[in-house]
Amino acid sequence: ALMVATRQGLLLQDGCNSCFTFVHDQIQQAAYLLVPEEERDKFHLNIGRKLMDSLSDNDGIETNIFLLADQFTRGIYLIEDQDEKDEVADIFLQAAQQASAASDFTTSSAYLDLGLCLLSKNPWRDEYFLCLSLHNASAELAYCLGDWKKMEKMTEAVLTNAGSLTDTIIAHATRIISYGAQNKLNDGIHTALNVLKSLGQPFPSKVWKITVMKEYIKTRLLLRGLTDDDIMCLPSMTEESKLAAMSILNVASPCIFLSVSPYLPLVTFRMVQLTLKHGLCAVSSWAFASLGLVLIGLDKTDDACRYGELALKLVRRFDRKEWYPRVNFIVNGCIFHFKKSSRVCLQPLKDCIRCGLEIGDIEISMNAAYYYCTFIWNRIPLGKAEVEFSNYSDLMRSYKQNVWVDFTSLTLQLVDNFMGKTSDPLILTGDRINQDFMLGLARRSKNINLEISLFFYRLILAYAFNNYDLAFEMAQKCQMYKSTGVYRKCVLYYYEGLIVLALARRNTKKNKKYIKIARVCIKNLEHFARSNPANNLDKLLLVQAEFAFLMGHREKAISKYHEAIAIAESEGFLLERAIACERTALAMHHFGQDALAESHFDKSVQYYSEWGACAKVKQMRDRNQTPFSIEEEE
């Protein structure tokens, strides 16, 4: 019959004489209509069965998996034999895995639902491993789609029926990352610690500094004398309980980081210790990236970058695409910018966003998106930032990544305040967030990073709009950043130094107190500028200029001001360039060089305008007496 249809010009035969195709879609549709409607589902089921019989190897099934799944979907209710149901359920599982790999999470979830429907009345007894795989995959897809109720239902089924602790690890891991996405950080940490205890990896109920120091020394002793090549040549980790522990330690890290939990160094040291004692696994790349992050907090920048590079080497060694965004995010988002220009880290962060979405690591993808926003907001025009950040915020909402929606909304509100979209630029309340509600949310969820980010953004606004008392108050609330390795530490010293020097000029009674703080800020900025001049030298120079201005060192101050402006411009810091020009204008006015003062003031207005800070431009142009009455403003 096929050869007759071919001779009549209805079909085409390939060169191997094994495949026929219709010459036109309309001919195919006409042929399909010849099949009675009530027989079409059976027709599709028979096609699926014949195709299965003809595909004798796994490669053939994998290549034709969607064709198989689509045929069985139409005739699924006609299958009566349980063995065949199990076989078809496995086809749906494979199709779901391929759809998920292509980021088609909705289709993948639908296939998994069909697979679950085909299981027997007692699947945990009759088809244990198939049932376990379907439930774990369904839970992971529910997480990707933000369906928390379904995630809980699927993981609960696994935790209730799993035959061993090892078989529950994927379900526990899915719950932990889901808690992180929902801003339930304590739930995520508590779950992880309980599972780790069951795996023989207990942690203390309370973390003391002496405990952290002991674990740090233990880790350093294990690393002593080992080159990167020595670590790369370690044997593979094979013990199931250790592999399970590494998996839980990995997924718990984001919850621990966001809550600024004291468990962060302990979790990191444990991953490195397990690697050095029991061998390498894919999670080892994350372990060394996390070690780099902890070392940044200890101001060991060179060691941090070394282990960051090692982490990237391990990702390449294991050739596991799913680890690329996770490790690359930590290395470029939290480590490398302490030695390199943050501009160099922007494209790798965008790659993390794209790759994370492709493989279903939504948490890290959205995390990288937020970090990208914080790295670039003061480098591009605010109008462009608003559009780009809003797109990321919408993407986060679509995946119900609430914790990153909160962070990004905070950054968007900062942008809006500078753009003049609020009645009071000092209050982070507008179309994006309400600062009081956000502060309450951060405290209820114990998300210390979110809480301090709110204070930090208010600090920036208060200083930029010359309310130094409020800026100093916010700086005091941000002090926790000085004991962590987060990216804002250097910038905090920058603003704190500028704030106290502005206060010292206005309040002579507290002059000594402010000068002491300023000296500490300068000392720390010198350290950061030596380590990474691209990101930090302009900030050091401006604080040094303000200090020389306060001390009456006219020539030194003018020289430092000009250097700060030039370097901020060459490094692409738009806000810092405008601030440096504004501060230079004030100093020039004080030194009696009014022509130069007017010139720098006008240049500052121009820079703020080009950046899009309409509220700041309005403030500067609205002064009735003189543009240099800023220092008297509150």
Checking side chain to side chain contact (heavy atoms under 4.5 Å, CB included) between Asn183 and each of Asp406, Val405, Leu258, which is the one that passes?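 Among Asp406, Val405, Leu258, the one that satisfies the side chain to side chain contact (heavy atoms under 4.5 Å, CB included) with Asn183 is Asp406.
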Only one of Ser341, Cys490, Cys345 clears side chain to side chain contact (heavy atoms under 4.5 Å, CB included) with Asn535; which?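 Between Asn535 and the candidates, side chain to side chain contact (heavy atoms under 4.5 Å, CB included) is satisfied uniquely by Ser341.
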Side chain to side chain contact (heavy atoms under 4.5 Å, CB included) partners of [X], counting only residues at least two apart:
{"X": "Asn434", "result": "Thr429, Asp436, Phe437"}
{"X": "Ser365", "result": "Ile353, Leu357"}
{"X": "Glu309", "result": "Leu312, Phe336, Lys340"}
{"X": "Pro533", "result": "Leu537"}

Among pairs that include at least one residue of [range], which meet salt bridge (Lys or Arg N to Asp or Glu O under 4.0 Å), considering only residues two or more places apart or in two chains?
{"range": "residues 408-418", "result": "Asp416-Arg432"}
{"range": "residues 437-446", "result": "Arg443-Glu451"}
{"range": "residues 524-538", "result": "none"}

Could you list the donor-acceptor pairs under 3.5 angstrom formed by side chains in residues 396-404, with sequence neighbours left out?
{"residue": "Arg397", "atom": "NH1", "partner": "Ser393", "partner atom": "OG", "Å": "2.8"}
{"residue": "Ser398", "atom": "OG", "partner": "Leu395", "partner atom": "O", "Å": "2.6"}
{"residue": "Lys400", "atom": "NZ", "partner": "Gly146", "partner atom": "O", "Å": "3.4"}

His590: which residues meet the ring pair (Phe, Tyr, Trp, His ring centres under 6.0 Å) condition with it, sequence neighbours left out?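 Only Phe549 meet the ring pair (Phe, Tyr, Trp, His ring centres under 6.0 Å) criterion with His590.
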For Tyr514, what residues pass the ring pair (Phe, Tyr, Trp, His ring centres under 6.0 Å) criterion, not counting sequence neighbours?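 Ring pair (Phe, Tyr, Trp, His ring centres under 6.0 Å) check on Tyr514 returns Phe472.
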More than 12 heavy atoms of other residues, nucleotides or ligands under 6.0 Å from NE2 of His562: yes or no?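 Buried by this count: over 12 neighbours within 6.0 Å.
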For Asn332 and Asn328: C-alpha separation, side-chain torsions, deciding distance, then whether side-chain hydrogen bond (donor to acceptor under 3.5 Å, both in side chains) applies. CA-CA 6 Å; Asn332 283 284; Asn328 202 28; 2.5 Å; yes
Parallel, tilted or perpendicular: which describes the rings of Phe528 and Phe338, with under 30° parallel and over 60° perpendicular? tilted
Geometric class of the Tyr468/Tyr463 ring pair [parallel <30°, tilted 30-60°, perpendicular >60°]: tilted
Got a sec, which pairs hit side chain to side chain donor-acceptor pair (under 3.5 Å) with one end in residues 600-609, sequence neighbours left out? Glu582-Tyr608, Gln606-Glu610
Given the rule in the ring-ring contact (aromatic ring centres under 6.0 Å, His included) test, do Phe418 and Trp611 qualify, once you have shown the distances and angles that lead to the verdict? CA-CA 10 Å; Phe418 271 112; Trp611 186 45; 5.0 Å; yes
Contacts of type salt bridge (charged side-chain N to carboxylate O under 4.0 Å, His left out), residue Glu473, not counting sequence neighbours: none
